[in-house]
Amino acid sequence: MEREVRVRFAPSPTGPLHIGGVRTALYNYLFARKMGGTMILRIEDTDQTRFVPGAEDYIRESLEWCGVELDESPWKDGPYGPYRQSERKPMYMQYALQLVESGHAYYAFDTSEELDEMRERLKAAKVATPQYNAITRMTMKNSLTLPEDEVKRRLESGEAYVIRLKVPRKEEVRLKDMIRGWVMVHSSAIDDKVLMKSDGMPTYHLANIVDDHLMKITHVIRGEEWLPSAPLHVLLYRYLGWEDTMPEFAHLPLLLKPDGNGKLSKRDGDKFGFPVFPLEWKDPFSGDISIGYRENGFLPEAFVNFLAFLGWNPGTQQEIFTMPELIEAFSVDRIGKSGTKFDWQKARWFNEQYLRSKPDEELAQYLLQALEEHNIECSFEQAVKICSLMKERVTFPSDFWRESSYFFEAPTSYNEKVASKKWNSQAVAVFEDFKNELPSLADYNADAIKELLNNVLERHGMKIGQVMQALRLAVTGLEAGPDLMHIIEIIGAEETKARIEAAIEKLAAYASA
RNA sequence: GGCCCGUUCGUCUAGGGGUUAGGACGCUAGAUUUUCAUUCUAGUAACAGGGGUUCGAUUCCCCUACGGGCUACCA
């Protein structure tokens, strides 16, 4: 019988979630929604020493920003809570004990010094992979080698111990991955993994199997870094007697550094000059700040669209997808196998596409906000006009203000190159007439302004191409920008007149040359 | 080192025994424009190498190379 699809995203709160994690969450979400299933978030905080304050809130806020909705989570209770492993602590021991009783696990009392010693010894003996396994466990201090009464005595005296899985010496462990097909691993390559730590917490391996089982998870979609330990997880399901409801696995290709050397890591943001985190993160210990996509001006839709295409594609020519469209198009068998390098240029392109598809009225809000911060007044209508002029040339919302400040402030300097090449006495003669006649224009709009300019040019026997660059220089100080007539329309006749007069004065040296 | 996974234009990728190996980003050129950008058009550029299997392999198999992951009482 087909079970209702239930998937989980299970980050550990050890710092900011990086984009690889966000992508894993996204794929889980898309799959859940596509299948009409349930999306769960479980916090994997079994390592108390790595807890970072704020990390959990960061995860929550990041997913909210991306539009990844959680059906069950620490913040939205469901039938299988709690959703923080630290709060599920009492649940794990019984399963570990069940394994001990069935002979699939055992107590071990070795100190970390003894473990190091064992590894050193094996290394010296040229053993390829020094590990606690079927062979070496018989030389260590555990319930397999110690007399029964001593084991009992040690346990009762409160001595520190761990519970290890007794991995069989020779056995092929097969695992079917939805992305890679059958993966075969020999049990000799797996060591006797610690299941319960001496602090009473389970390790990832035990906790993840117990929780996935208890939470009725049907599909485990996670990063490829988990593939090597997946056979171990299969063994756990088997020994716990849960193999018939074992989830299906899908191991996602990793996100790689742009230079193709290694998986994208937290430090790479600074190194390559783009964010690796969805949101800005301030490290609570060092105070270091890492930039985020949101603060960098990315629209969440663009970020999600871009991320979805890192390792997956719909098999059609369509590139722009809304979240509902992604859900509709998503399927696990269109996820690629090979690692994916991060392409900053393409990320920008997606953002441009989304920005341009927004109505001018919405874009105007970005500009208005920036203007407010600079204490500049501007009507909503003006802002809309400016944005409609600028939208084809911006990548980020912050560009609206950065690229359009001349609408509000007269130029304080002029592009040197244009000034020396295009500013001359003939142009100035045209501008004298133009700026004087501008305020008396009956119908003040871009078309009328252009008509006036043409009239003046005709009187002077000149063509529009001869003065346009210089006029732009006078009005904006720059060498390039959107349609000048529209700029002049927005700025207004009086301001334009004043700017032209200022330019004539300041650039006099060029005109006489 | 051992084990596991992978390898199509610079990048993201489609394809799959016989194709002019397709698209997108980037880049280049042309067109448009008052400039820059946009837009449009064109161009650039790839099946890692070697063996098989086959009438025919980029596609299937093996080996090598290269890349990546894992190798903790971390997840």
Side-chain angles (χ1 to χ4, degrees), chain A residues 10-14 44-47 49-50 85 108 110-112 115-116 119 123 126-132 160-164 175 177 179-180 183-186 188-191 193-205 207-208 222-231 251 253-254 256-258 260-263 306 309-319 334 336-350 352 356 390-394 403 415 418 422 450 453 463-473 476 478-485:
Chain A
S12 55
T14 54
E44 308 235 325
D45 54 353
T46 52
D47 187 352
T49 64
R50 292 211 305 162
Q85 288 183 328
D110 315 276
T111 63
S112 56
L115 290 171
D116 289 344
R119 291 193 190 98
K123 222 182 276 177
K126 300 246 159 60
V127 173
T129 44
Q131 55 182 13
Y132 207 120
Y161 68 93
V162 299
I163 295 178
R164 284 181 182 271
L175 151 88
D177 184 89
I179 295 171
R180 285 152 222 285
V183 176
M184 223 95 77
V185 178
H186 196 87
S188 63
I190 304 170
D191 61 351
K193 280 277 181 311
V194 170
L195 265 21
M196 290 298 297
K197 300 187 266 191
S198 56
D199 64 359
M201 277 294 216
T203 58
Y204 167 83
H205 302 291
N208 137 71
R222 74 224 306 188
E224 196 187 346
E225 69 266 30
W226 293 109
L227 194 52
S229 58
H251 289 94
L254 264 16
L256 272 20
K257 300 174 197 288
N261 272 315
K263 77 171 170 178
F306 166 68
F309 270 69
L310 248 31
W312 171 86
N313 78 86
T316 64
Q317 304 288 66
Q318 188 182 346
E319 302 244 28
R334 295 209 65 89
K337 292 180 173 68
S338 49
T340 304
K341 278 178 205 143
F342 193 86
D343 187 351
W344 173 241
Q345 205 53 242
K346 191 104 176 217
R348 291 168 54 97
W349 178 81
F350 271 108
E352 287 166 2
R356 280 167 205 171
M390 299 300 293
K391 70 194 292 187
E392 300 292 306
R393 44 217 310 136
V394 300
E403 310 275 322
N415 180 286
V418 178
K422 304 283 185 179
K450 187 163 191 178
L453 179 62
K463 293 220 164 104
I464 200 161
Q466 293 173 271
V467 301
M468 232 9 167
Q469 284 276 73
L471 184 54
R472 177 180 297 279
L473 187 73
T476 71
L478 302 176
E479 73 290 358
D483 183 89
L484 223 207
M485 299 304 127

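Residue numbers begin at 1 in each chain, while the letters A, B, ... track the order of the sequences.
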Asn313(A) CG to Gln318(A) CD distance, which is reported to the nearest 0.5 Å: 12.0 Å
Closest non-hydrogen atoms of Asp199(A) and Met201(A), given as atom of the first, atom of the second and distance, are OD1-N, 2.9 Å
Atom P, compared across G10(B) and A72(B): separation rounded to whole Å: 38 Å
Base, sugar-phosphate alone, or nothing: which one does Pro11(A) contact when heavy atoms must sit under 4.0 Å apart? nothing
Any Asn313(A) side-chain nitrogen or oxygen under 4.0 Å from OP1 or OP2 of A14(B): yes
Taking OP1 and OP2 of C12(B), is either one under 4.0 Å from a side-chain nitrogen or oxygen of Lys346(A)? no
Would you measure the distance from the P atom in C5(B) across to the matching atom in C27(B) and give it in whole Å? 39 Å
Quick one: CG on Leu473(A) to CE on Met468(A), what's the gap to the nearest 0.5 Å? 13.5 Å
For Gly465(A), report the nucleic acid contact type (base, sugar-phosphate, nothing); a contact means any heavy atom under 4.0 Å. nothing
N/O (side chain, Ser338(A)) to phosphate O (OP1/OP2, C5(B)) under 4.0 Å: no
Can you tell me how far P in G52(B) sits from the matching atom in U44(B), rounded to whole Å? 34 Å
Touch class at under 4.0 angstrom, heavy-atom based, for Thr129(A) against every strand present: base
Work out how far the C1' atom of U38(B) is from that of A75(B), and round it to whole angstrom. 47 Å
Within the structure shown, what part of the strands sits under 4.0 Å from Arg348(A) by heavy-atom distance: base, sugar-phosphate, or nothing? nothing
Looking for any heavy atom pair under 4.0 Å, which part of the strands does Val183(A) touch: base, sugar-phosphate only, or nothing? sugar-phosphate
Would you indicate what Leu484(A) reaches in the nucleic acid, counting non-hydrogen atoms under 4.0 angstrom: base, sugar-phosphate, or nothing? base
Side-chain (Thr14(A)) to main-chain (Arg50(A)) donor-acceptor, under 3.5 angstrom: no
If I pick the C1' atom on G22(B) and the same atom on A29(B), what distance separates them, to the nearest angstrom? 22 Å
With a non-hydrogen cut-off below 4.0 angstrom, is Lys263(A) in contact with a base, only sugar-phosphate, or nothing? sugar-phosphate
Indicate, with a heavy-atom threshold strictly under 4.0 Å, whether Asp110(A) touches base, sugar-phosphate, or nothing. base
RNA chain B: Glu352(A) or Leu227(A), which has the more 5' nearest nucleotide? Leu227(A)
When the P atoms of A37(B) and G18(B) are considered, how many whole Å apart are they? 43 Å
For atom C1', what is the distance between G30(B) and A48(B), given to the nearest Å? 36 Å
If only side-chain N and O atoms of Thr316(A) are considered, is one of them under 4.0 Å from the OP1 or OP2 phosphate oxygen of A14(B)? no
What's Gly223(A) touching, base or sugar-phosphate or nothing? Going by heavy atoms closer than 4.0 Å. nothing
Could you give me the CA-CA distance, side-chain angles and deciding distance for Ile179(A) and Glu224(A), then say whether side-chain contact (heavy atoms from CB on, under 4.5 Å) is met? CA-CA 10 Å; Ile179(A) 295 171; Glu224(A) 196 187 346; over 6 Å; no
So, under a plain 3.5 Å distance rule, would you say the side chain of Ser229(A) forms a donor-acceptor pair with the base of C70(B)? no
Distance between the C1' atoms of C25(B) and A65(B), in whole angstroms? 29 Å
With a 4.0 Å limit, can you tell me whether Lys197(A) has a side-chain N or O closer than that to the phosphate oxygens OP1/OP2 of C74(B)? yes
